[in-house]
Amino acid sequence: MQIALLYGTETGNAEMLAEDIAAHLSDHDASVTNLSDFHPADFDTDTFYIVVCSTYGDGELPASAQPFAAKMEAQKPSLDGIRFAVFGMGDSEYPETFNFGGKRMEELLAGAGAELVGERVTHNASGDDMADDLALPWVDDIIAMADA
Ligand SMILES: Cc1cc2nc3c(=O)[nH]c(=O)nc-3n(C[C@H](O)[C@H](O)[C@H](O)COP(=O)(O)O)c2cc1C
C-alpha cells in the first residue's frame, strides 16, 4: 500500500508533523506533499492518504490548503475508491472554530465520495499533548485498519 501525506499549513506545524509521520512510516516509503502542490486529479485508488491540516483565520483552511479546496469545489471530482484519514490541528483558544480546518478537509473528501478510515483527530495546541505523541500511535492504528 502506497501512503501519501498531504499537509495544509500556515506556519509549518502541519508540515513538520507530516514529515515526522512519514519518517515513522519508513517501512512504507511514504511521500509528503504540500496541498498547494496537489490537485484533485492526482488522487489514486492504490494510495492511502493521510491529511494533516491546521486551521487559520476565523476557522478557515490554512493558506497552503486553500487552492486545493477551491479546485475541489470547482471541479467536483468523484473520489470513489479513495481512502483517507485526517489529523486536524487547531487551538481551543478559538472555541467556536476549533479544528475547523481538518473538519473541512474531511467534508471535502468524504463529500466527493472518499472513505474516511478511523476517526479524525483534533489536536489542540493549547492542550497537554504534543502533536507527535498523539499522531504516531494514531497512525499505527490507522495503517492497520487501512491494511486489513
Ligand atoms: C491567527 C491564527 C488563527 C487561528 N485560528 C484558529 C481557528 O480558528 N481554530 C482553531 O482551531 N485553531 C486556530 N489557530 C491555531 C492553529 O491552527 C494551530 O496553532 C496550528 O498548530 C497551526 O499549524 P500550522 O503551523 O501548520 O498552520 C489559529 C492560529 C493563529 C496564529
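Throughout, numbering of the chain's residues begins at 1 and tracks the sequence. Remember, it's 1-based here, ligands and their atoms both numbered in the order they're listed. For clarity, every value in this text was computed on a predicted model and none was experimentally measured.
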**Asked** Any nitrogen or oxygen of A14, main chain or side chain, under 3.5 Å from a nitrogen or oxygen of ligand 1?
**Response** yes
**Prompt:** Hey, does L61 have a side-chain heavy atom less than 4.5 Å from the side chain of C53?
**Reply:** yes
**Message:** I need the nearest protein heavy-atom contact for atom 21 (O) of ligand 1: residue, atom name and distance, please.
**Reply:** N13 ND2, 3.0 Å
**Message:** Could you check whether any side-chain heavy atom of M89 comes within less than 4.5 Å of a side-chain heavy atom of T9, counting everything from C-beta outward?
**Reply:** no
**Request:** Could you list the atoms of ligand 1 found under 4.0 angstrom from a heavy atom of T9?
**Result:** 24 (P), 25 (O), 26 (O), 27 (O)
**Request:** Could you tell me whether the side chain of R120 and the main chain of E106 form a donor-acceptor pair under 3.5 Å?
**Result:** no
**Message:** I'd like to know if the side chain of D29 reaches the main chain of Q2, judged simply by a donor and an acceptor atom lying under 3.5 Å from each other, with no hydrogens or angles considered.
**Reply:** no
**Asked** How about H24 and D132: does a side-chain donor come under 3.5 Å of a side-chain acceptor?
**Response** no
**Asked** For Y7 and N34, what are the C-alpha separation, side-chain angles and deciding distance, and is it a side chain to side chain contact (heavy atoms under 4.5 Å, CB included)?
**Response** CA-CA 5 Å; Y7 66 85; N34 191 333; 3.4 Å; yes
**Message:** Pairs of nitrogen or oxygen atoms closer than 3.5 Å, one from P62 and one from ligand 1: do any exist?
**Reply:** no
**Request:** Check the pair D44, Y49 against side chain to side chain contact (heavy atoms under 4.5 Å, CB included), reporting the backbone distance first and the verdict last.
**Result:** CA-CA 9 Å; D44 166 6; Y49 293 90; 3.7 Å; yes
**Asked** What is the closest protein heavy atom to atom 23 (O) of ligand 1, and at what distance does it sit?
**Response** S54 CB, 3.2 Å
**Asked** Which one of T122, D91, L61 has a non-hydrogen atom at the shortest distance from atom 10 (C) of ligand 1?
**Response** D91
**Prompt:** Counting each atom of ligand 1 from 1 as listed, which ones have a heavy atom of G90 under 4.0 Å away?
**Reply:** 10 (C), 11 (O), 12 (N), 17 (O)
**Prompt:** Is there at least one pair of N or O atoms, one from E60 and one from ligand 1, spaced under 3.5 Å apart?
**Reply:** no
**F98: numbered ligand 1 atoms lying under 4.0 Å from its heavy atoms** = 11 (O)
**Message:** Determine whether V117 and F48 satisfy the following criterion, side chain to side chain contact (heavy atoms under 4.5 Å, CB included), listing intermediate values before the conclusion.
**Reply:** CA-CA 9 Å; V117 174; F48 179 64; 3.7 Å; yes
**Asked** Which bit of T97 is near ligand 1, meaning a heavy atom under 4.0 Å away: side chain, backbone, both or neither?
**Response** both
**Request:** Look at atom 5 (N) of ligand 1 and say which protein heavy atom is nearest, naming residue and atom and giving the distance to 0.1 Å.
**Result:** G57 O, 3.2 Å
**Complete:** Of all protein heavy atoms, the one nearest atom 25 (O) of ligand 1 is T11 OG1, 2.5 Å
**Message:** To check you understand the geometry: which heavy-atom pair defines the closest contact between E93 and S126, and what is its length?
**Reply:** CG-OG, 3.4 Å
**Message:** Once you measure the plane-to-plane angle for F38 and F68, does it fall in the parallel (<30°), tilted (30-60°) or perpendicular (>60°) bin?
**Reply:** tilted
**Item:** Within-cut-off N or O pair, N99 and ligand 1, under 3.5 Å
**Value:** yes
**Message:** I'd like to know if the side chain of E10 reaches the main chain of A63, judged simply by a donor and an acceptor atom lying under 3.5 Å from each other, with no hydrogens or angles considered.
**Reply:** yes
**Asked** Considering distance alone, does some N or O of Y94 sit under 3.5 Å from an N or O of ligand 1?
**Response** no
**Prompt:** Of the protein's non-hydrogen atoms, which lies at the shortest distance from atom 14 (N) of ligand 1, and what is that distance?
**Reply:** T55 O, 3.3 Å
**Message:** Looking only at distances, can you tell me whether any N or O atom of G8, backbone or side chain, sits closer than 3.5 Å to an N or O atom of ligand 1?
**Reply:** no
**Fill in**
If we number the atoms of ligand 1 from 1 as shown, the ones under 4.0 Å from a heavy atom of G59 are 8 (O)
**Nitrogen or oxygen atoms of F100 and ligand 1 under 3.5 Å apart** = no
